[in-house]
Amino acid sequence: MNCTRKRLVLAGGGHAHLSVLRALARQRPDIDAVMITPSTHQTYSGMLPGWMAGHYSMAECQIDLRPLAQAANAEMILDQVTGVNADLQRVTLANGTQLDYDMLSVDVGGETNLSWLETLGKRLLPVKPLGGFVQRWQGIVADAKKQNNFSLIVVGGGAAGVEIALAAQHVIEEQASLATVALIASERGLLPGHAAGVSNRVRYLLKQRGIALHEAQAVGAEDGILLGNGRHLYADTVVAATGSTPPRWLQTSHLALDEHGYISVDSAHRSISHPNVFAAGDVCARTDILMARSGVHAVFAGPVVAHNLIASITGGKFISYRPRKRSLYLMATGPKHAIASWGSFSATGHWVWRWKNQIDRRFMNKHKSGDSRYD
Ligand SMILES: Cc1cc2nc3c(=O)[nH]c(=O)nc-3n(C[C@H](O)[C@H](O)[C@H](O)COP(=O)(O)OP(=O)(O)OC[C@H]3O[C@@H](n4cnc5c(N)ncnc54)[C@H](O)[C@@H]3O)c2cc1C
C-alpha cells in the first residue's frame, strides 16, 4: 500500500456496496479500498424464497464479490467487523486485527431480532444471517420428510415471514411430507405498512394452503411457542423472520445512533456525527425522513453512497437519496406465483412471478456480468 494514499474501508458486501464496487471500478479514484466481508458471496434475499421453493439453485441466488472487488482494485478481507471507533478512525475485526481508515462505509445489514425467542435453543432458525439459514434449511426439509407430523412455525408477519411460510409449505407439500406450517404475526397484524388488499390476498392464500395464521405476541418456550393469548404451539423448528436489529458493536462506535441503535445518516447517507463515515441499507436510519428497512432502499441508495464517497475523495458535490413515495414489493408465494404490492394497488398471479423473476434476474445479471449498460 502507498502510505500517502488514503484508505477507504467498506464494511460488509451488502446491496449498496455492490454499486460502490462498480463505481470504484469505473472511476478509479486515488484511494486504497478494502472490503471486509465474512463471505466471498453475497446471497440475494429477494430470491431466497424461490430457492427454498426449488425454483433457483443457490448459485443463481449469489453474487461473487471477488471479481467486483478485483475490478475495483479493492483488497478483500474475509472477516467480520466486530467494532468501530469512529473517533480514532479504526475498525476491529473478529480475528483481532485493527485497521485504520480515512473513510468508512458501512453496509452490514441488520441482525434478526431474537428477543423473546432465544429459549428455543436449537429449534430456533434465524433467517439472517442468510448463510446460516441456507446451511440448515435443507436439513430441516429432510427432517420434515422423515418425521411424522413435523411442525414448522414461522414468526414474523412482514413480507419475509409470509414468503418463507409459503415457500416452506410449498416444498413440504411437494415432498409429500405430513408436516404442518404456521405463521405468527404479532398483534400489529399481517403485513403492517401494506394495503388491506394485499393482506387480504395473503390471508386467502394462507387459508387455501392450510397455513394457520396467529396474530399474537410470540414467546419462545423449550418445545415451541407461547402466544400472548395463552395458547401453546409445539414446534420442531421455529424460523425467526422478526425484522432486523442493528449490530450491537455500533453501541461503542462513538457514531451518532438513533434511539434503536441504527447509524443516523442524512440524505447523502453520511453519518451526522462523523463526516468521513457513510452508511446504507438496514444498518442506518435517515434523520430527515422515515424510511422502511428493505432491500429496495439498500439497492437504490447504493449509487448515491458510491457517488458521495468518490465526491469526498475528489472534492465533488454530494447528492441525496430521495426514495419514491411508494416502493414495489413482489412477494413469492411458493409455486411460480407472486403477489404485487404498490401503495394501495395489489395484484396476484403467475404473471407477477414472471415479472418478479425478470427483475431479480436482471439485478443478478447486472452484478454478475459487470455489464456497464446497467449503470
Ligand atoms: C426472505 C427475505 C426476503 C426478502 N425479500 C425482500 C424483497 O423482495 N424486497 C426488499 O426490498 N427486501 C426484501 N428483504 C429485506 C432485505 O433482505 C434487506 O432489507 C436487505 O438485505 C438489506 O440490505 P443490506 O445491504 O442492508 O444488508 P444485507 O443484504 O444483509 O447485506 C449485508 C452484508 O454484510 C455482511 N455482514 C454482516 N455483518 C458483517 C460484519 N460485522 N462485518 C462485515 N460484513 C458483515 C453480510 O454477510 C452481508 O453480506 C427480504 C428479507 C428476507 C429475509
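From a predicted model like this one, the values you see are computed outputs, not experimental measurements. Heavy-atom basis, side chains included; hydrogens, waters and symmetry copies ignored. One-based numbering along the sequence shown. Just follow the structure's listing: the first ligand is 1, and inside any ligand the first atom is 1.
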**Prompt:** salt bridge (charged side-chain N to carboxylate O under 4.0 Å, His left out) with Arg248: which residues, sequence neighbours excluded?
**Reply:**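 Salt bridge (charged side-chain N to carboxylate O under 4.0 Å, His left out) check on Arg248 returns nothing, list empty.
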**Prompt:** Leu250: which other cluster members, linking ILVMFWY side chains closer than 4.5 Å, directly or transitively?
**Reply:**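 When side chains under 4.5 Å apart are linked, the cluster holding Leu250 also contains Val9, Val34, Ile36, Ile77, Val81, Val84, Val91, Leu93, Leu99, Tyr101, Leu104, Val106, Val108, Trp249, Leu255, Leu257, Ile263, Val265, Val277, Val283.
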**Message:** I'd like to check atom 7 (C) of ligand 1 in this structure: does the protein have a heavy atom lying under 4.0 Å from it?
**Reply:**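 Answer no: nothing from the protein, no heavy atom, is under 4.0 Å.
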I'd like to check which ligand 1 atoms, numbered from 1 as shown, lie under 4.0 Å from a non-hydrogen atom of [X].
X      : value
Val127 : 53 (C)
Gly281 : 26 (O)
Ala298 : 23 (O), 25 (O)
Asp107 : 24 (P), 25 (O), 26 (O), 32 (C), 33 (C), 34 (O)
Gly12  : 34 (O), 43 (C), 44 (N)
Ile36  : 43 (C), 44 (N)

**Request:** Kindly identify the option in Gly295, Ala167, Gly302 whose heavy atom sits closest to atom 20 (C) of ligand 1.
**Result:**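 Result: the heavy atom closest to atom 20 (C) of ligand 1 is in Gly295.
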**Nearest-option assignment for atom 21 (O) of ligand 1, heavy atoms, candidates Lys356, Arg293, Lys128** =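 Looking at heavy atoms only, the winner is Lys128.
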Got a sec: does the [atom1] of [X] have more than 12 other heavy atoms crowding it under 6.0 Å?
X      : atom1 : result
Ile289 : CD1   : yes
Arg322 : CZ    : no
Gln208 : CD    : yes
Tyr234 : OH    : yes

**Message:** Measuring from non-hydrogen atoms of Ser39 to any atom of ligand 1, is the shortest distance under 4.0 Å?
**Reply:**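 Not so, Ser39 does not reach ligand 1.
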**Asked** Under a heavy-atom criterion of less than 4.0 Å, does Pro247 contact ligand 1?
**Response**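 Checking ligand 1 against Pro247, which is what was asked, there is no heavy-atom contact under 4.0 Å.
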**Message:** Do Arg293 and Tyr262 form a cation-pi contact, if we require the NZ or CZ to be under 6.0 Å from the six-membered ring centre and within 45 degrees of the ring's axis?
**Reply:**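 Relative to the ring axis of Tyr262, which defines the angle, Arg293 lies inside both limits.
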**Message:** Under 6.0 Å from the ring centre and within 45 degrees of the ring axis: does the NZ or CZ of Arg324 meet both conditions for the six-membered ring of Phe300?
**Reply:**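 So Arg324 does make the cation-pi contact.
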Ligand 1 versus [X], non-hydrogen atoms closer than 4.0 Å: side chain, backbone, both, neither?
X      : result
Glu163 : side chain
His15  : both
Val296 : both

**Asked** Is there any N or O on Thr37 that sits under 3.5 Å from an N or O of ligand 1?
**Response**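 Looking only at distances, the answer is no, because the N/O contact criterion of under 3.5 Å is not met.
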**Prompt:** When only distance counts, is Asp79 in polar contact with ligand 1, meaning an N/O pair under 3.5 Å?
**Reply:**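 In fact, backbone or side chain, Asp79 has no N or O that close.
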May I ask you to identify the nearest protein heavy atom to [atom], giving residue, atom name and distance to one decimal place in Å?
atom                    : answer
atom 47 (O) of ligand 1 : Pro38 CG, 3.5 Å
atom 14 (N) of ligand 1 : Ser45 OG, 3.8 Å
atom 18 (C) of ligand 1 : Asp282 OD2, 3.3 Å
atom 40 (C) of ligand 1 : Val81 N, 3.6 Å
atom 37 (C) of ligand 1 : Val108 O, 3.1 Å
atom 27 (O) of ligand 1 : Gly109 CA, 3.2 Å
atom 31 (O) of ligand 1 : Gly14 CA, 3.2 Å
atom 52 (C) of ligand 1 : Ala160 CB, 3.6 Å

**Request:** Give a yes or no on whether the backbone of Asp102 and the side-chain of Asn276 come within a donor-acceptor separation of less than 3.5 Å.
**Result:**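 Looks like yes, one N/O pair under 3.5 Å.
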**Request:** State, yes or no, whether a side-chain contact exists between His214 and Ile153 at a heavy-atom distance under 4.5 Å.
**Result:**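 A side-chain contact under 4.5 Å is absent here.
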**Spacing of Leu166 atom CG and Ile339 atom CD1 [to the nearest 0.5 Å]** =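 Atom-to-atom, Leu166:CG and Ile339:CD1 are 7.5 Å apart.
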**Request:** To the nearest 0.5 angstrom, please state how far the CZ atom of Arg123 sits from the OG atom of Ser151.
**Result:**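 So the gap between those two atoms works out to 9.5 Å.
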**Item:** Heavy-atom pair of closest approach, residues Phe150 and Ile140
**Value:**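 Heavy atoms only, the tightest pair is CZ-CG2, 4.0 Å.
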**Asked** Hey, which of His55, His337, Met52 is the one that makes side chain to side chain contact (heavy atoms under 4.5 Å, CB included) with His170?
**Response**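 By the side chain to side chain contact (heavy atoms under 4.5 Å, CB included) criterion, His170 pairs with just one of His55, His337, Met52: His55.
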